[in-house]
Amino acid sequence: MTKTDSTPPTDFIRSIIGEDVKANKNGGRVHTRFPPEPNGYLHIGHAKSICLNFGIAAENKGGLCNLRFDDTNPSKEEVEYVESIKEDVRWLGFDWGDRLFYASDYFDKLYEYAVQLIKDSKAYVCDLSPEEIREYRGTLTKPGKESPYRSRSVEANLDLFERMRAGEFEDGSHVLRAKIDMASPNLNMRDPVIYRILHAEHHRTGDKWCIYPTYDFTHGQSDSIEGITHSICTLEFEDHRPLYDWFLEQLKIFHPQQIEFARLNLSHTVMSKRKLLELVEQGVVSGWDDPRMPTLVGLRRRGYTPEAIRDFCERIGVAKRDSMVDIALLDHSIREDLNQRAPRVMAVLRPLRVVIDNYPEDQVEELEAVNNPEDPGMGTRKVPFSRVLYIEQEDFLEDPPKKFFRLAPGREVRLRYAYFIKCVDVVRDEKTGEVVELHCTYDPETRGGWAPDGRKVKATLHWVSAAHSLSAEVHLYDHLFLKADPTDEKDGADFKTYLNPNSLETLTSCRVEPALAGAPPGSRYQFERLGYFCVDTKDSSDEAPVFNRTVTLRDTWAKIKKAHNKNTDG
RNA sequence: UGGGGGAUCGUUCAGCGGCAGGACGGCAGGUUCUGGCCCUGCAAACCAAGGUUCGAAUCCUUGUCCCCCAGCCA
């Protein structure tokens, strides 16, 4: 995708790095990393971080970005997640080369670091229970108390730590703690736990270990080992930085620079892995790849392109203030991308039968339609036209309001690429009064949609030939949540109470033009006047195609209707 | 009333002592065989109060509000 005037993004992180390069810090090297925990699927918030880290590496000469899994908690992490994460990063368009790492690669090294701290009297084995540790920690305003085990000898600590590793103790009975300052105003410095006993099988190291380093003891050192120059993370780790600095200083090892930025919040959805997991587990959505999910697998299945997501990540910027990006911006990014590349096609979601009374019974014409007005190179196709057609139910109104330009009794409109037609009769269901069929006449002089006499119509409708169209199922998606910030549970409500009951609407009697026969899973189209749709990658088949609506077209008629309703209701 | 961060159009990102700007959204037009795209125009903001200065969104002071931290999660 080519952007006409894409200026290279600048933000405070890139400025800092630019200064560092200019000052020849780290010999001018720029090395970042994307460090996910393999305990869930990646979402669009991760995409922001991925684009930042891989983007910065790509923008700097010789710059590199590692993919490293922070797999320090075997009880929550699974291979399923590491595979999906790798796939998602690749799909987004980034490449970690041969630099795929795991924090678990460093378990031996980390153990040595811990031993080193013990030998320097900077760490000790503590026998306090989790509850006791919490009590001893103090509170935000009250300093903590020192553990009674704080002054054990180096020898005793070495022995105990070795026995922890050997599996002599039960989970939770002992921990290794850094010896820093129980009175520190920064709670992270109050003798934090750096190793805990977890008799759990690790997805990579198996049962080699029954003690595991905490994230805090792992992350900074892993960055150091990999020679990461700029360790970019989110705001909540800002007060962990002094702790990471402390470890690096005590261990006398390479010191990456940590820079924090605000994580992405998107309106009308949730971004926390815990909440997303809850939606999956409770069956609110069909899975991590439900097209309503903000996960990368979900967005992909919904029809989003990596280009659009990258464009979005560029538009939202990077800063330190907490923010909530309007999901309308994501809509804009995908529309802009798909407008350029998606072939146009006609599909009728809610069919209304139309009979062209003066059209010969057995005649069929092949009319030429352009595949993409934005890109003439995409060529044209033939669309069959015959006596019986379908149009969209909402394109006809018996009693049209002022600004309704579409079909109505006695009114003439154009059928796209076909003919001008005029509505001459309306057939109703005898019982319900519902309009079930329209009778129209066509003007043979307007073949292709042009009027030789230059007369104008106010509307152009999409349509399909009844006999030639294919049936299809269509999934209409809308925001998962009605409330912009479902996380705002101040009135006591659970975030799920703000779920949009209409976030998915399934239409089973849709008709699509024959050109869509055999459309491959994942392929994207614009259904003219309706929106962008893609062939579902899971539930679609040649016999029973399923299309997912990625996003609607901008719809000014919908806005007019809405404004009108508001006025009449009020 | 412990510590760490942050406050600029509705939203978001710029502006780093010298005309507050862009994008999305909104509104109004133009164009149009998609009520799409595209084009034009309009409305729209410096948390507050003091101070320094010829000049303050920017520097200083004092407030106010918001976010994060009391996992052996990350």
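Per chain, numbering begins at 1; letters A, B, ... match sequence-line order.
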**Q** Counting N and O atoms only, with roles assigned by atom type, does the side chain of A/His219 sit under 3.5 Å from a partner on the main chain of A/Asp216, one being a donor and the other an acceptor?
**A** no

**Q** Hey, is CD on A/Glu366 packed in by over 12 heavy atoms from elsewhere, all under 6.0 Å?
**A** yes

**Q** Listing time: all N or O pairs from protein to nucleotides 7-10 of chain B that are below 3.5 Å?
**A**
from	atom 1	to	atom 2	distance (Å)
B/U8	OP2	A/Arg321	NH1	3.1
B/U8	O4	A/Arg321	NH2	3.1

**Q** Classify the nucleic acid contact of A/Arg190 as base, sugar-phosphate or nothing, counting any heavy atom under 4.0 Å across all strands shown.
**A** nothing

**Q** Between A/Ser333 and A/Glu336, is there a side-chain donor-acceptor contact under 3.5 Å, judged purely by atom types and distance?
**A** no

**Q** Can you find a side-chain donor-acceptor pair between A/Ser75 and A/Asn73 that sits under 3.5 Å?
**A** yes

**Q** What contact category does A/Phe312 fall into here, base, sugar-phosphate, or nothing, at under 4.0 angstrom with non-hydrogen atoms?
**A** nothing

**Q** Could you work out, with salt bridge (Lys or Arg N to Asp or Glu O under 4.0 Å) as the rule, every residue matching A/Lys402, not counting sequence neighbours?
**A** none

**Q** Could you tell me the separation between the CZ atom of A/Arg241 and the P atom of B/C69, rounded to a whole number of Å?
**A** 17 Å

**Q** Is any side-chain heavy atom of A/Phe312 closer than 4.5 Å to a side-chain heavy atom of A/Ile316?
**A** yes

**Q** Mind calculating the distance between CD1 (A/Ile327) and C1' (B/U12) to the nearest angstrom?
**A** 15 Å

**Q** Need one value for A/Glu260: base, sugar-phosphate or nothing, where a base atom within 4.0 Å counts as base even if backbone is also close, heavy atoms only.
**A** nothing

**Q** Please tell me if A/Ser184 has a side-chain N or O lying less than 4.0 Å from either OP1 or OP2 of B/G3.
**A** no

**Q** Judged by each residue's nearest nucleotide on RNA chain B, which is more toward the 5′ side, A/Lys142 or A/Val318?
**A** A/Lys142

**Q** Quick one: label A/Leu461 by what it contacts on the DNA or RNA (base, sugar-phosphate, nothing), any heavy atom closer than 4.0 Å.
**A** nothing

**Q** Categorize A/Thr446 for me: base, sugar-phosphate, or nothing, with a 4.0 angstrom heavy-atom threshold over every strand shown.
**A** nothing

**Q** Anything under 3.5 Å between a protein N or O and an N or O of nucleotides 39-45 of chain B, put it in a table, one pair a line.
**A**
none

**Q** Examine the side chains of A/Tyr136 and A/Glu131 and answer whether a donor and an acceptor come within less than 3.5 Å of each other.
**A** no

**Q** Under 4.0 Å between a side-chain N/O of A/His332 and OP1 or OP2 of B/C24, yes or no?
**A** yes

**Q** Whole angstroms only, please: what is the CG-P distance between A/Leu264 and B/C13?
**A** 10 Å

**Q** Check the phosphate of B/U32 against A/Arg529, side-chain N and O only, distance under 4.0 Å to OP1 or OP2. Yes or no?
**A** no

**Q** Judged by modelled atom types alone, do A/Thr214 and A/Arg196 share a side-chain donor-acceptor pair under 3.5 Å?
**A** no

**Q** Look at A/Arg315 and B/C13 and indicate whether a side-chain polar atom (N or O) is within less than 4.0 Å of OP1 or OP2.
**A** no

**Q** Among A/Tyr106, A/Phe107, A/Tyr111, whose ring-ring contact (aromatic ring centres under 6.0 Å, His included) with A/Tyr212 holds?
**A** A/Phe107

**Q** So what does A/Leu329 hit on the nucleic acid, given a heavy-atom distance under 4.0 Å: a base, only sugar-phosphate, or nothing?
**A** sugar-phosphate

**Q** Would you measure the distance from the P atom in B/C42 across to the matching atom in B/G3 and give it in whole Å?
**A** 49 Å

**Q** Could you check whether A/His240 gets within reach of a base, just the sugar-phosphate, or nothing at all, counting any heavy atom under 4.0 Å?
**A** base

**Q** Can you give the dot-bracket line for RNA chain B, where a pair is Watson-Crick or G-U wobble with both atom distances under 3.5 Å, crossing pairs use [ ], and | marks a partner on another strand?
**A** .((((((..((((....[..)))).(((((.......)))))....(((((..]....))))))))))).....

**Q** Indicate whether OP1 or OP2 belonging to B/C73 is found under 4.0 Å from a side-chain N or O atom of A/Arg196.
**A** yes

**Q** Without decimals, in angstroms, what is the distance between A/Asn188 CG and B/A70 P?
**A** 8 Å

**Q** If you go through the side-chain atoms of A/Glu236, does one of them form a donor-acceptor pair with the base of B/G5 closer than 3.5 Å?
**A** no

**Q** Rounding to an integer number of Å, can you tell me how far A/Met324 CE sits from B/C66 C1'?
**A** 13 Å

**Q** Counting any heavy atom closer than 4.0 Å, what does A/Pro35 reach on the DNA or RNA strands: base, sugar-phosphate only, or nothing?
**A** nothing

**Q** With a 3.5 Å cut-off and no angle check, do the side chains of A/Tyr419 and A/Glu365 form a donor-acceptor pair?
**A** yes

**Q** Is there a side-chain contact between A/Arg554 and the phosphate of B/G26, meaning an N or O under 4.0 Å from OP1 or OP2?
**A** yes

**Q** Please determine, for the side chain of A/Leu187, which listed nucleotide (B/G2, B/C72, B/C73) has the closest atom?
**A** B/G2

**Q** Any side-chain N or O of A/Arg406 less than 4.0 Å from the OP1 or OP2 oxygen of B/G35?
**A** no

**Q** Expressed as a whole number of angstroms, how long is the span from A/Glu314:CD to B/G22:C1'?
**A** 14 Å

**Q** What nucleic acid atoms does A/Arg416 come within less than 4.0 Å of, heavy atoms only: base, sugar-phosphate, or nothing?
**A** base

**Q** Expressed as a whole number of Å, how far does the P atom of B/A7 sit from that of B/U1?
**A** 23 Å

**Q** With P as the reference atom in both, quote the distance from B/A14 to B/G22 in angstrom, rounded to an integer.
**A** 16 Å

**Q** Is the count of non-hydrogen atoms from other residues, nucleotides or ligands lying under 6.0 Å from A/Lys422 atom NZ greater than 12?
**A** no

**Q** How is A/Tyr417 classified with respect to the nucleic acid when contacts are heavy atoms under 4.0 Å: base, sugar-phosphate, or nothing?
**A** base

**Q** According to salt bridge (Lys or Arg N to Asp or Glu O under 4.0 Å), who are the partners of A/Arg406, at least two apart in sequence or on a separate chain?
**A** A/Glu394, A/Asp395

**Q** Assign A/Glu528 to base, sugar-phosphate, or nothing according to its heavy-atom contacts below 4.0 angstrom with the strands shown.
**A** base

**Q** Find the distance A/Ile391:CD1 to B/U34:C1' and express it as a whole number of Å.
**A** 15 Å

**Q** Indicate, with a heavy-atom threshold strictly under 4.0 Å, whether A/Phe237 touches base, sugar-phosphate, or nothing.
**A** base

**Q** Check ring-ring contact (aromatic ring centres under 6.0 Å, His included) between A/Tyr417 and all other residues, then give those that pass, not counting sequence neighbours.
**A** none

**Q** Where the side chain of A/Asn339 is defined as all heavy atoms beyond and including C-beta, which of B/C67, B/A70, B/G36 is the nearest nucleotide?
**A** B/G36

**Q** Report which part of the nucleic acid A/Ser323 touches: base, sugar-phosphate, or nothing (heavy-atom distance under 4.0 Å, all strands).
**A** sugar-phosphate

**Q** Mind checking if A/Ile560 touches a base, just sugar-phosphate, or nothing, with heavy atoms under 4.0 Å?
**A** base

**Q** Please report the distance separating the P of B/U58 from the corresponding atom of B/C16, rounded so that it comes out in whole Å.
**A** 12 Å

**Q** Side chain of A/Asp70 only, please: which of B/A74, B/U34, B/G35 is the nearest?
**A** B/A74

**Q** For B/U62 versus B/C69, give the span between their P atoms, rounded off to a whole number of Å.
**A** 28 Å

**Q** Centre-to-centre under 6.0 Å for A/Phe101 and A/Phe69, is that the case here?
**A** no

**Q** May I ask you to decide whether A/Glu368 forms a salt bridge with A/Arg381, counting only side-chain N to carboxylate O separations under 4.0 Å?
**A** no

**Q** Taking only the side-chain nitrogens and oxygens of A/Lys559, find out if one of them lies under 4.0 Å from OP1 or OP2 of B/C27.
**A** yes

**Q** Whole-Å distance between B/G25 P and A/Ile334 CD1?
**A** 14 Å

**Q** Could you tell me if A/Ser469 and A/Arg511 have a donor-acceptor pair between their side chains, going purely by distance under 3.5 Å?
**A** yes

**Q** Considering heavy-atom distances to RNA chain B, does A/Thr556 or A/Asp216 have its closest nucleotide positioned more toward the 5' end?
**A** A/Thr556

